[in-house]
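Since this is a predicted model, take the numbers as computed values, not measurements. In what follows, chains carry the letters A, B, and so on, assigned in the order in which the sequence lines appear, proteins first and then strands, with residues in each chain numbered from 1.
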Protein chains: 2
Amino acid sequence: MKNYRMLIQYEGTRYNGWQRQGNTQNTIQGRLESVLSRLTGAEVQIQGSGRTDAGVHALGQTANVLLPEGWHISGEALRGSGLPGLDDLPGCEALRRVMNHYLPEDIDVTELEEAPERFHSRLSAAGKTYQYRIGIDDYKNIEGRQFRYRVGRPLDVEAMGEALGALRGTHDFAAFCGNPRMKKSTVRTISAAELEEVSHEIRLRITGNGFLQNMVRIIVGTLIEIGLGSRPVSDMKRILDSRDRSQAGPAAPAGGLCLLRVYYD
Amino acid sequence: MKNYRMLIQYEGTRYNGWQRQGNTQNTIQGRLESVLSRLTGAEVQIQGSGRTDAGVHALGQTANVLLPEGWHISGEALRGSGLPGLDDLPGCEALRRVMNHYLPEDIDVTELEEAPERFHSRLSAAGKTYQYRIGIDDYKNIEGRQFRYRVGRPLDVEAMGEALGALRGTHDFAAFCGNPRMKKSTVRTISAAELEEVSHEIRLRITGNGFLQNMVRIIVGTLIEIGLGSRPVSDMKRILDSRDRSQAGPAAPAGGLCLLRVYYD
């Protein structure tokens, strides 16, 4: 078998998240696997760096897949794509283009290349960066609306930024974990976390060695309550220390969240 | 009656264009009129600066509407919106916010203000700028895909830019008019027309004192043929001089087109 690494972008709005489930057609992983199986005739399993929830987007999801030695794109699929010049491309670049042709317009494989045998998109991942976009006034931002959550009210960015500071470093993030039956460690390291105010919105970028289920969305939900003034800045540290999910705010809506990048050593 | 000027943004993808038709619910004008009627209890007619076709977007459509003196927002609609602080706002700013609350997320009234009685969004318009975005490689641009047309092949931007030059100035644009039964003058003045290459795409911006039906899309369809090398640069001038629609290329898809701005003296 040969191992391949893929970089994938998607708008998650109409999908039940990354992970394949019963109805494979409605997940990103399911869509990718079904197209890749059809093209190569091989049974494939695509391994993502992690699940993204229903409605969450990605501009840099990373995945890997094992293909049998000597795989090739079915002649029918190749002809059906009508894409010119594929013969002149390396096999995996041709495969990437034909995949994209058969994938829907809201899923894009932007890179596909051979990877070392030991490369595993989830287990080899050293960290990730997520972005959350919050609309702060009544501007709907027609062009980017699927990628942000519009609170529609002014937020105290300074207070939010100060609260965010409490999360940097290594902590037990149990209070920000959406899975009440989480048995493994809930300790994670946040190496960077910044808020930026751009026109009509606030953008949070947060980088860590790993994220618990719904972690970014619960952080954002809590930050929004602080930004609205319904919680004091000091609450963030108190919540963190409590390790109690019920102390934190609600998970902010999925549509504002985007997986920007996965890091490997 | 009092006259109001509105600035409107919309993603046209799921609408049958600007102009109200039998089924009012599925046009931008129809949506705006139905919300405004419901809010004020008045029979309203919203006058746009011009029609946009099914699937065409706008970031700066301008319209005007006459409301009876002493109009007010229905108490039920006001309470139903749950918007805070409306009492402190000028009447038309409150109306704008409540309208946006009841309008779908792909239509946004970004400005609403009193206008002189004689202001008419179509008859007073001195010019318009349209933008057309063409995707030139296989990058799907997940975030902006509804606003561009992906050719997916490299285009000769220099040739396209040269061809575009033939259109600047005052000409009879009959060859670029989608309405074969056009009885009025097909002479228009293009005051500015530029192509810009940005990452993964080419953007055309074109400003004129008026545009014929499908004019920008037929110009773009012809430019793409020139960019692909299937027509010589000199064709643009020849087509223009022919005044014959059958000489020009096909109308490029609606989704790449966006009305950016309408100018008034």
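- Closest non-hydrogen pair, F147(B) versus I142(A), comes out as CZ-CG2, 4.0 Å.
- Ion pairing of E143(A) with R133(B) is present here, as a side-chain N (NZ or NE/NH1/NH2) and a carboxylate O approach within less than 4.0 Å.
- Counting heavy atoms of neighbouring residues, nucleotides and ligands inside a 6.0 Å radius, atom CD of Q45(B) does not exceed 12 of them.
- For the atom pair N141(A) CG and E105(B) CD, the distance stands at 10.0 Å (nearest 0.5 Å).
- L103(A) touches chain B through backbone and side chain together, each having a heavy atom under 4.5 Å away.
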Check against salt bridge (charged side-chain N to carboxylate O under 4.0 Å, His left out), R145(A) and D108(B): CA-CA 11 Å; R145(A) 68 186 191 282; D108(B) 192 2; over 6 Å; no

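- Surrounding CZ of R261(B) are at most 12 heavy atoms belonging to other residues, nucleotides or ligands under 6.0 Å away.
- The contact between Q9(A) and chain B is made by backbone and side chain atoms together, counting heavy-atom distances below 4.5 Å.
- The most heavy-atom pairs under 4.5 Å with chain B, out of L83(A), T110(A), L59(A), come from L59(A).
- We find that K140(A) and D106(B) are not joined by a salt bridge, their nearest charged nitrogen and carboxylate oxygen being 4.0 Å or further apart.
- Surrounding CZ of R203(A) are more than 12 heavy atoms belonging to other residues, nucleotides or ligands, all under 6.0 Å away.
- Around the CD atom of E158(A), the shell of radius 6.0 Å holds no more than 12 heavy atoms that belong to other residues, nucleotides or ligands.
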